There are 2 protein chains.
Amino acid sequence: MLERIPAYTDAMLDETGTLSDRVYRHLADRLIAGRFAPGDKLSLRAVSEALGLSIMPVREAVSRLAAEGALEVAPKKAVTVPLMRAGQFRDITQVRVEIEGFAAALACQAVTPESLAGIEAREREFRELSELPKADLAQAVAANQAFHFAVYRAAGSAELLAIIERLWLRVGPIINLDLRENPERLRLGGAVQAHRACLAAIRENRPAAAREAIAADISGASAFILSRQRLLD
Amino acid sequence: MLERIPAYTDAMLDETGTLSDRVYRHLADRLIAGRFAPGDKLSLRAVSEALGLSIMPVREAVSRLAAEGALEVAPKKAVTVPLMRAGQFRDITQVRVEIEGFAAALACQAVTPESLAGIEAREREFRELSELPKADLAQAVAANQAFHFAVYRAAGSAELLAIIERLWLRVGPIINLDLRENPERLRLGGAVQAHRACLAAIRENRPAAAREAIAADISGASAFILSRQRLLD
DNA sequence: TGCCGCAATCTGTGATCACAGTTAGCTTCC
DNA sequence: GGAAGCTAACTGTGATCACAGATTGCGGCA
């Protein structure tokens, strides 16, 4: 079951699109998956050399990510993964609750047998992962992401999905940093319970309940992270 | 009163930030203000020559806008202002209703005397403009935008504001195209009425009513545009 | 008169170079 | 031994060049 979770495939390997596009996807994937920590620095030249390209495609990819707030680039200084202040994190959480909750509510009406099967599979995968004695954190993060996006994709709104992806681009580094430092949180099962409630609500076409479940999931994780006081302010 | 509406100032003239940033703001302002129509083509070289720069800053600005969906760039083909299908427009409208409605509801709780005064001023300016015998359409679009963003800014969420700005970047060209072809819509007063209701709701701290007013404004304009069948599909 | 095809022009993409401001490490002096 | 200052390496920014694919319009043929 677990090996169904798609392995990390490097966007640089698939040869569709321009080099800029591939670098963009490469970096975006790593950001969402939490492979960068807030404050990490990266240099255009270092990335381009690591990828065996000139600096140009990396520049374009980075400037796109900077436009979305996923990276910060100050003139003549190294590109950094943004630090987030507690107030900012609270703000983004409130927005996520509203928007991702809305997507979950939409999913109730727009769900198809196929997308429902996908959601069920992702829910089961995440649940089984969290029941393992020694959880693989990176895999758990990926499974959690897979569940959420299965729901959001089922909502059938490309616009909403794009907005949510941008939000995850921003919170990816924070979530992962948190999970890496507090692996026991997985044990508590708040996420598993919220996922289960969300799945049930979608099955039974109860939009308000689906919205509530996603909101609880996001708020719960956010409260935990804020309680650890690892954020500035 | 009317001359309070800030004149169109070119972002290229203020000398803060990198050239890329300035080009980005220049193009973004023109897109939101509806100075481009869907399907318009622009060439990196033409823009850079018009602005007296090399192609590089324009490239970066355009690739950022493309990342946000405000422009479309296909390899080896001219950059275009995206055409929008009716289905896509419906989708984006549904998302705007939810998100901008949420911002209006937030504004009820977060509004300050200063921001309320700003909203009132913008409401009055738009109302007076729409009562003129010969309305200046460009000014009406700008005044409408000013009112909406005064409300959204009053919500006090930087995250939400950024998301809404990106949405307007997308719909700017459509709205303007519509208003240019159907100037009589301003006469009908649907927008004026919605603005008035929104302002009243914010004054009286009625979040649900504020959300409703903004939703009615957006839905009304959207329904009108869709009824004109100028969109693909 | 109408249509097909070729060629000149224009498109974005990517590489390379020059530059100025930042950073970090080493040396030197106290 | 520690701190201050200088230098060398590194940062993103911007300009210019080369290239391959797309577009457009002109000319020739039917």
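As the structure is a prediction and not an experimental result, all values here were calculated from the model. Proteins get letters first, then strands, A, B, ... in listed order; numbering begins at 1 in each.
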Determine, stepwise, if the pair B:L160 / B:Y152 fulfils side chain to side chain contact (heavy atoms under 4.5 Å, CB included). CA-CA 8 Å; B:L160 212 48; B:Y152 305 148; over 6 Å; no
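If you take CE of B:M56 and C1' of C:dT16, they are 12 Å apart, rounded to a whole angstrom. Taking atom CD of B:E49 as the reference point, atom C1' of C:dT9 lies 14 Å away to the nearest angstrom. Following rounding to the nearest Å, B:K41 (NZ) and C:dT11 (P) show an atom-to-atom distance of 10 Å.
Pairs of residues two or more places apart, or lying in two chains, that qualify as salt bridge (charged side-chain N to carboxylate O under 4.0 Å, His left out) and include a residue from residues 48-64 of chain B are A:R59-B:E60, A:E60-B:R59, B:D21-B:R64.
Here the side chains of B:N176 and B:F36 are not in contact, with every heavy-atom distance at 4.5 Å or above.
Smallest separation of non-hydrogen atoms from B:R122 and B:A146: CD-CB, 3.5 Å.
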Contacts under 3.5 Å, N or O only, protein and nucleotides 10-13 of chain D:
unit_1: D:dT11; atom_1: OP1; unit_2: A:S43; atom_2: OG; d: 3.1
unit_1: D:dG12; atom_1: OP1; unit_2: A:L42; atom_2: O; d: 3.4
unit_1: D:dG12; atom_1: OP1; unit_2: A:L44; atom_2: N; d: 3.2
unit_1: D:dG12; atom_1: OP2; unit_2: A:L44; atom_2: N; d: 3.1
unit_1: D:dG12; atom_1: N7; unit_2: A:R45; atom_2: NH1; d: 2.8
unit_1: D:dG12; atom_1: O6; unit_2: A:R45; atom_2: NH2; d: 3.0
unit_1: D:dG12; atom_1: N2; unit_2: A:K76; atom_2: NZ; d: 3.0

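Scored by the ring pair (Phe, Tyr, Trp, His ring centres under 6.0 Å) test, B:F89 finds no partners at all (sequence neighbours excluded).
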